[in-house]
There are 2 protein chains.
Amino acid sequence: MPVSVLLVDDDALVRAGLRAILEAQPDIEVVGEAADGAAVIPLVRQLAPDVVAMDVRMPLMDGIEATRAVLRAFPAPPKILVVTTFEEDQYVYGALRAGADGFLLKRARPAEIVHAVRLVAEGESLLFPAALRSLAAGHGNEGARAAVAAARLTDRESEVLRLIARGLTNAEIAAELVLGTETVKSHVSALLAKLGARDRTQAVITAYESGFVAPGAAG
Amino acid sequence: MPVSVLLVDDDALVRAGLRAILEAQPDIEVVGEAADGAAVIPLVRQLAPDVVAMDVRMPLMDGIEATRAVLRAFPAPPKILVVTTFEEDQYVYGALRAGADGFLLKRARPAEIVHAVRLVAEGESLLFPAALRSLAAGHGNEGARAAVAAARLTDRESEVLRLIARGLTNAEIAAELVLGTETVKSHVSALLAKLGARDRTQAVITAYESGFVAPGAAG
DNA sequence: TGGCGGCTCCCCCGCACGGGGGAGCCGCCA
DNA sequence: TGGCGGCTCCCCCGTGCGGGGGAGCCGCCA
């Protein structure tokens, strides 16, 4: 059962590129295209795609509004993969709050694009915007790859991040999870690398900004 | 021109106590009372108080809902001072998100209660819930005093907290503000003490949880 | 069967951090 | 006039933190 994808981008060139890359995969099928967010709702209703690859900047209705509209309109909405560039990273937070499931960088390599589509199709994928931003600084394509491939935390890392975001030290986390402090340090290091965070403070910021934790939700 | 206060608490004893304490001040005037949040809207319309001292737990409409209702109903709403106890601190975040302007602990001393009313009346007062919680742990009355009196940050401290909440190190903050690192350290220490935070990580958490910074608002 | 990723734990090392002091300058206000 | 709070900068000191290595165990899957 292939993953069905709807492409939404005002640039025909981008649509064609995405279609070519994705159609080359046996398990991915592009079922439709749209040139603006305003056309998304009826197309989703008609095509019922698994994933919508959604551009951010479009003339009539931008990707953020369209994301919101789709999630409002359908009880079981498709996964929304927001297609963005480093220059547009100010839209990332808005898209996240609108309910986007993942991010795709236009300058990513084909294999990464394919990977991203599969990831969001599988569900529960959270790509951290801070990782995008920090990795974007200077590293060029390296950044794109890392942002797409590495930004998924393991269960343990998620658990540790949650405790970091509650203000615990490594020793306290170790006690809480019944682990050695060295183990916690390992998880913290891995987690910081994946998030593109320099230290636990930046990790907490990323946790809040990405919606990984929400104000008021903590105990 | 005295500060006018509306008391909202289902406990008549509490109302009487607040009235006695506040009326003893020449610059504070209690203009009305209500026993439930459901009665607040018409009373605010009629009395136009500067401050509403609002209990959290009330039979018909709780303080959080009432706060929300008041802020929705009036273009220039009164300041909302939420009256709470340490046992009720789980309501603090909800009240903050509802738009409350400050917090008052029932076991606070009279002078502190008066101070809190004057503070919110002056505007722009933000009392940090994390400071409440951490100070509440064990210190008894000490905690109440500190939470009310110390939780207001100076301009410089607010500036530093904002930069901490953007992930900067002390050295980077110093460069940003054109200061010495030792100066930044002084501000950070003062700020941590006021917030009841152990380190900058907890300070960031407090900043988000209190609404001092909001997800998506950062640049 | 081998490889790989996740989880666990260990070492060494440098450093940013935070606490404890103190001090001088300025402006406000009693 | 003196006091006080805010802002600035300095010292010393301990340590939690994060990076750099490495290693063994397990389960999944090709």
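These numbers come from a predicted model, not from an experiment. The sequence lines fix the lettering, A, B, ..., with proteins before strands; numbering per chain opens at 1.
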- Task: Compare side-chain N and O positions of Asn170(B) against OP1 and OP2 of dA16(C) and report whether any pair is under 4.0 Å apart.
- Result: no
- Message: By the 4.0 Å heavy-atom rule, please label Ser186(A) as base, sugar-phosphate, or nothing.
- Response: base
- Task: Going by the side chain to side chain contact (heavy atoms under 4.5 Å, CB included) test, name the single residue among Val56(B), Asp55(B), Val52(B) that passes it with Val82(B).
- Result: Val56(B)
- Note on the structure: Residues Leu179(B) and Arg156(B): closest non-hydrogen pair is CD2-NH2, 3.5 Å
- Message: From the set dC11(D), dC9(C), dG18(D), return the single nucleotide nearest to any side-chain atom of Leu179(A).
- Response: dC9(C)
- Tell me the partner of dG6(C), counting only Watson-Crick (N1-N3 plus N6-O4 or O6-N4) or G-U wobble (N1-O2 and O6-N3) with both under 3.5 Å; none if nothing fits. dC25(D)
- Item | Side chain proximity check, Val117(B) to Leu81(B), heavy atoms < 4.5 angstrom | yes
- Return the value, rounded to whole Å, for the distance between atom CD of Glu182(B) and atom P of dG24(C). 17 Å
- Message: As a test of reading the structure: which of dG18(C), dG19(D), dT8(D) is closest to the side chain of Leu192(B), going by heavy atoms?
- Response: dG18(C)
- So, is Arg198(A) close to the dG18(D) phosphate, meaning a side-chain N or O under 4.0 Å from OP1 or OP2? no
- Query: Taking the side chain of Thr169(A) as its heavy atoms from C-beta onward, which of dG19(D), dG16(D), dC10(D) lies nearest to it?
  - Reply: dG16(D)
- Thr183(A) vs dC9(C): side-chain N/O to OP1/OP2 distance below 4.0 Å: yes
- Item | Gap between atoms CD and P, on Glu172(B) and dC15(C) respectively (whole Å) | 16 Å
- Run the salt-bridge test on Glu172(B) and Arg198(A) with the 4.0 Å N-O cut-off and return the result as yes or no. yes
- Rounded off to whole Å, could you give me the CG-to-P distance for the Leu191(B) and dG6(D) pair? 13 Å
- Identified pairing partner of dA30(D), criterion: Watson-Crick or G-U wobble below 3.5 Å: dT1(C)
- Query: Quick one: which of Val40(B), Ile64(B), Val83(B) gives a side chain to side chain contact (heavy atoms under 4.5 Å, CB included) with Met54(B)?
  - Reply: Val40(B)
- Looking at the side chain of Val188(B), which of dG18(C), dC10(D), dT8(D) is the nearest nucleotide? dG18(C)
- Query: Side-chain N or O of Thr154(B) less than 4.0 angstrom from OP1 or OP2 on dC7(D)?
  - Reply: yes
- Message: From CZ of Arg156(A) over to P of dG5(C), roughly how many Å is that when rounded to an integer?
- Response: 20 Å
- Query: Over how many whole Å does the gap from Ile173(A) atom CD1 to dG18(D) atom P extend?
  - Reply: 9 Å
- Looking at the side chain of His187(A), which of dC7(D), dT8(C), dG18(D) is the nearest nucleotide? dT8(C)
- Residue matched to dT15(D) through Watson-Crick or wobble contacts both under 3.5 angstrom: dA16(C)
- Please report the C-alpha distance between Arg162(A) and Glu176(A) in whole Å, then the side-chain angles of each, then the deciding distance to 0.1 Å, and finally whether the salt bridge (Lys or Arg N to Asp or Glu O under 4.0 Å) criterion is met. CA-CA 12 Å; Arg162(A) 229 171 283 278; Glu176(A) 178 80 17; over 6 Å; no
- Message: From C-beta outward on Lys185(B), which listed nucleotide comes closest to its side chain: dC7(D), dG18(C), dC9(C)?
- Response: dG18(C)
- Task: Calculate the interatomic distance between Arg200(B) atom CZ and dG18(D) atom P; express it in whole Å.
- Result: 11 Å
- Message: Side chain of Asp155(B), heavy atoms from C-beta onward: which of dC11(D), dG19(C), dC7(D) has the nearest atom to it?
- Response: dC7(D)
